[in-house]
Amino acid sequence: MYAERMQKISIAGTKKVLEKTIEEVHNLEALHLINHVKKEETDLDIGEPLAKAENLSNVLITLSSVSATLGIEGDMPLENGFRAVGVKNMTELTKTVFDLEKEVKELLEKKKKIEDRRSLLQSRASELEQLAPLDIPIDALYNYKTLAVKLLRLTETKKLKDAGAEVHTSETELAAVFIPNEHQEAIEEVITKEGYQEVTLPSLAELTGTAKANLRKCESDISKLTKESERVDFELSVLGSKWKDFLILSQKFLKQEQEKASVPLKFASTKHAFVISGWVPEENMQQVEASLNKAAGNEVFIERHDIQHDEDVPVKLQNAKPVKPFEFFLRLYSLPNYKEIDPASWIFISFPIFFGMILGDMGYGLVTAILFFYLRTKLPAMKDILDVMIIASFSSIVFGAIFGEAFGSEELFGYHFPHLFHRSVHTINEYLLIAVAVGFVHVNIGVLIGAVNVWKHHGLVHAITEKFSWFIVQAGVYMMALSNFGMDWYTYPIWYGAAVFVVGVLLLVKGEGFNGIIELPAIFSNMLSYSRIMAVGLSSVLIAVQVNVFADQFMSQGGLMIIAAIILLVIGHGINILLGTFGGFLHSLRLHYVEFFTKFYKGGGTPYEPFGTKE
């Protein structure tokens, strides 16, 4: 399956139909724009934004600021409240936005004044709390001509009193020291020598009365200001609730209008004309041509162009609905380029098979399926990957039935599960052969896809030398192996296989140069890498079995040990499910990215993103 076929087009017209053309292209959501790059040899310059672009930008910035202030951010749902009245009338919309901004600013300024005053009072209250234990009038500490007053933290007062100071102490270490001018030098010397810490209370100089009385008033004022601040917050929240729908809808509208107004920066332009270049899916071409001609009154000229060999054609994947979620792996890795096969359909088949072979347990598959179904309802943004994991979980249930396993057990309530294949250490060789055989098929499908890609774009000869040569090399190796093992039904001598191998290598060298020889061991090591399916799957089984063995031992002891056994089963199988799910996912993913994709996949595709597509 290839990406949807694209058509490159140019749309040319006069400036008088520019806005109509942009509007229609935006509505069609079909044209993937190509940015015009100015070249000196042409007269076509880069276009300029529409005249309304600056105003739109200013209004959008203001609206975004108001929305952020009111807590309306992100992907919030509409509440069918106050709708965006006149949302498509720019004059009314602009006026409403700036009026709302003014109202919000007034409330914010009011809140700032309240908060500034409250902050000042809180600082004052902190100082009053320190002074309160002295229980002396605040104005007794200031405005003396014949003495100075200092607040000090000290534990004894004798030396200060001996030096001529009057000291008022409290139950705390804070003391008010009154220093007469004539004794100032001696008292300062004592303070310095003893290292007494001075306490400054700058915000109290204007107060009168006791610290306790002022503290009570201060706390009362702080409480009132707190309530005023809460009232402003409430008014802002009411505004947010009232205008929420308006702001959300208006922001979407303005972003859309701004996108249209700034898009001429991607066009080619002259003083009187414009040229738009881009890609349109072939199936949409007739609709695009008809709609543009109608909208512009047949005053635009649309020209189709052939795709050049080295052009970067955008990729629009076209997969059936069940396969769509598996495109996630391509977006995670790299989209296929326009000329190569889209492997999503193959991943749709192989990824669940690998995951199921690793986590092949009916019980585990059922638990993970329920978990992923639940997460799908809670995390819609992860819908694709969760859909993949739901399908993979059902694959685990299917392989669990093939292996006859449920929670690591082969029977439930006395019923013994039938099985087609028994996973255990006794069948490790058979399990390994199955895993490697799966790898052989998967890797060679990758080589075959690569051959088809080369054949389609470079011809049959290149396909044979670059890709089909790998099949010849493998055939030679297998023929030599059969001769060496002495199979009764295979009687050809070993040199037959060696000759086929040499022919394959020569073709490979012709197609890929000596890099092909260097890569010779890789294809066989890639196949062996699929043995991880056996290793990870078997480790999951053995852990599950061991959890059951321990739980049975606890159960057999009865009493509280039964509860311990149940806890062990829940925790043990829970951890094993988690490890098995991560292991199954990561190893299955690696087998695709490393072993499968390297045989044919180049990637690097540019995603098809038509102008006007909604977020």
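Source: prediction; values computed, not measured.
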Geometric cation-pi criterion, Lys456 with Tyr2: 6.0 Å, 45°: yes

His26/Phe611 aromatic ring centres below 6.0 Å: yes

Counterpart residues, ring-ring contact (aromatic ring centres under 6.0 Å, His included), relative to His305 (two or more places apart): none

Shortest non-hydrogen contact from Pro325 toward Asp384: CB-O, 3.5 Å

Arg590/Glu595 salt bridge by N-O under 4.0 Å criterion: yes

Check: Lys467/Asn453 side-chain N/O donor and acceptor closer than 3.5 Å: no

Pair Phe403 and Phe417, ring centroids less than 6.0 Å apart: no

NZ/NE/NH1/NH2 to OD/OE distance under 4.0 Å, Glu23 and Lys20: no

Geometric class of the His309/His458 ring pair [parallel <30°, tilted 30-60°, perpendicular >60°]: perpendicular

Distance-only polar pair, side chains of His573 and Asn548, donor-acceptor under 3.5 Å: yes

Ring centers of Phe597, Tyr333 separated by less than 6.0 Å: yes

Modelled atom types, side-chain donor and acceptor of Tyr338 and Asp312, under 3.5 Å: no

His422 side chain to Glu410 side chain, donor-acceptor N/O pair below 3.5 angstrom: yes

Lys/Arg N to Asp/Glu carboxylate O, Lys255 vs Glu259, below 4.0 Å: no

Gln474 and Asn444 side chains, donor-acceptor separation under 3.5 Å: yes

Check: Ser277/His36 side-chain N/O donor and acceptor closer than 3.5 Å: no

Those residues that, when tested against His587, pass side chain to side chain contact (heavy atoms under 4.5 Å, CB included) (two or more places apart): Ile358, Arg532, Val536

Aromatic contact, His462 with His457 (centres under 6.0 Å): no

Cationic N near anionic O, under 4.0 Å, Glu289 to Arg304: yes

Geometric class of the Phe351/His592 ring pair [parallel <30°, tilted 30-60°, perpendicular >60°]: tilted

Neighbour count >12 (heavy atoms, 6.0 Å) for atom NZ, Lys266: no

Output field: ring centroids Tyr478/Phe440 closer than 6.0 Å: yes

Short side-chain donor-acceptor distance under 3.5 Å, Thr613 and Glu29: no

